[in-house]
Amino acid sequence: IKNDLFNLRTNIKEMEKGYLFEINVAGVNKENIDIDVEDNYLVVSVNENTQTEENNNYLRKEIVYKSCKRKYYEK
């Protein structure tokens with residue numbers, strides 16, 4: 001199954017005093033999104049670790065790890 005989270009689909013709009021980035025990170029808590037600048041690149045990273053446990057005997061255990069990173073550079 002293809003996960004669009006790993007693509008970080010983006011719309012970039014040039015504004016009068018900069019750029020507007022619209023990045024698709026549906027279903028991700030904002031606490032799990034990092035935005036940094038590294039070597040003149042805008043870097044957006046998503047790191048999410050979700051664990052659901054029914055009990056300590058692991059009759060059911062679901063662990064979902066989502067992480068991705070995308071760099072943007074103005075040419």
Side-chain angles (χ1 to χ4, degrees):
I1 297 175
K2 185 177 177 181
N3 187 341
D4 280 343
L5 175 64
F6 293 103
N7 295 324
L8 289 179
R9 294 177 188 233
T10 305
N11 293 335
I12 303 172
K13 182 177 181 181
E14 188 170 7
M15 306 294 283
E16 186 176 320
K17 294 186 179 184
Y19 299 91
L20 173 67
F21 284 74
E22 298 173 330
I23 303 172
N24 185 3
V25 289
V28 176
N29 293 325
K30 65 182 177 181
E31 296 83 21
N32 297 323
I33 301 170
D34 293 317
I35 301 173
D36 296 303
V37 175
E38 299 174 3
D39 299 322
N40 293 322
Y41 284 86
L42 176 68
V43 180
V44 178
S45 303
V46 176
N47 294 301
E48 191 165 62
N49 178 356
T50 304
Q51 295 184 356
T52 303
E53 296 182 14
E54 291 296 320
N55 61 40
N56 292 334
N57 294 328
Y58 298 114
L59 293 177
R60 184 179 97 187
K61 184 175 180 181
E62 296 177 11
I63 300 175
V64 177
Y65 297 99
K66 301 178 198 174
S67 94
C68 57
K69 178 188 270 190
R70 185 160 179 193
K71 295 181 178 185
Y72 304 89
Y73 185 79
E74 180 185 5
K75 294 181 181 182

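For clarity, every value in this text was computed on a predicted model and none was experimentally measured.
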Worksheet entry | Summary of ring pair (Phe, Tyr, Trp, His ring centres under 6.0 Å) pairs that have at least one residue in residues 20-42, sequence neighbours excluded | F21-Y72, Y41-Y73

Item to complete: Side-chain contact test, heavy atoms from C-beta onward, threshold under 4.5 Å: evaluate it for I33 versus V25 and give yes or no.
Response: yes

Worksheet item: What is the distance from atom OG of S45 to atom CG of N32, rounded to the nearest 0.5 Å?
Response: 11.5 Å

Worksheet item: Roughly how far apart are I12 CD1 and I23 CD1, rounded to 0.5 Å?
Response: 7.5 Å

Discussion item. Nearest 0.5 angstrom please: N40 CG to K71 NZ, how far?
Written reply: 11.5 Å

Worksheet item: Among all residues two or more places apart in sequence or in another chain, which pass the side chain to side chain donor-acceptor pair (under 3.5 Å) test with E22?
Response: N11

Worksheet item: Within a strict 4.5 Å, meaning less than it, do heavy atoms of the N47 and D34 side chains meet?
Response: yes

Practice prompt. Please name all residues satisfying side-chain contact (heavy atoms from CB on, under 4.5 Å) with K13, sequence neighbours left out, ordered by chain then number.
Written response: M15, L20

Discussion item. For a 4.5 angstrom cut-off between non-hydrogen side-chain atoms, does L42 reach I35?
Written reply: yes

Worksheet item: Side chain of R70, backbone of V44: donor and acceptor closer than 3.5 Å?
Response: no

Worksheet entry | Side-chain (T10) to main-chain (L8) donor-acceptor, under 3.5 angstrom | yes

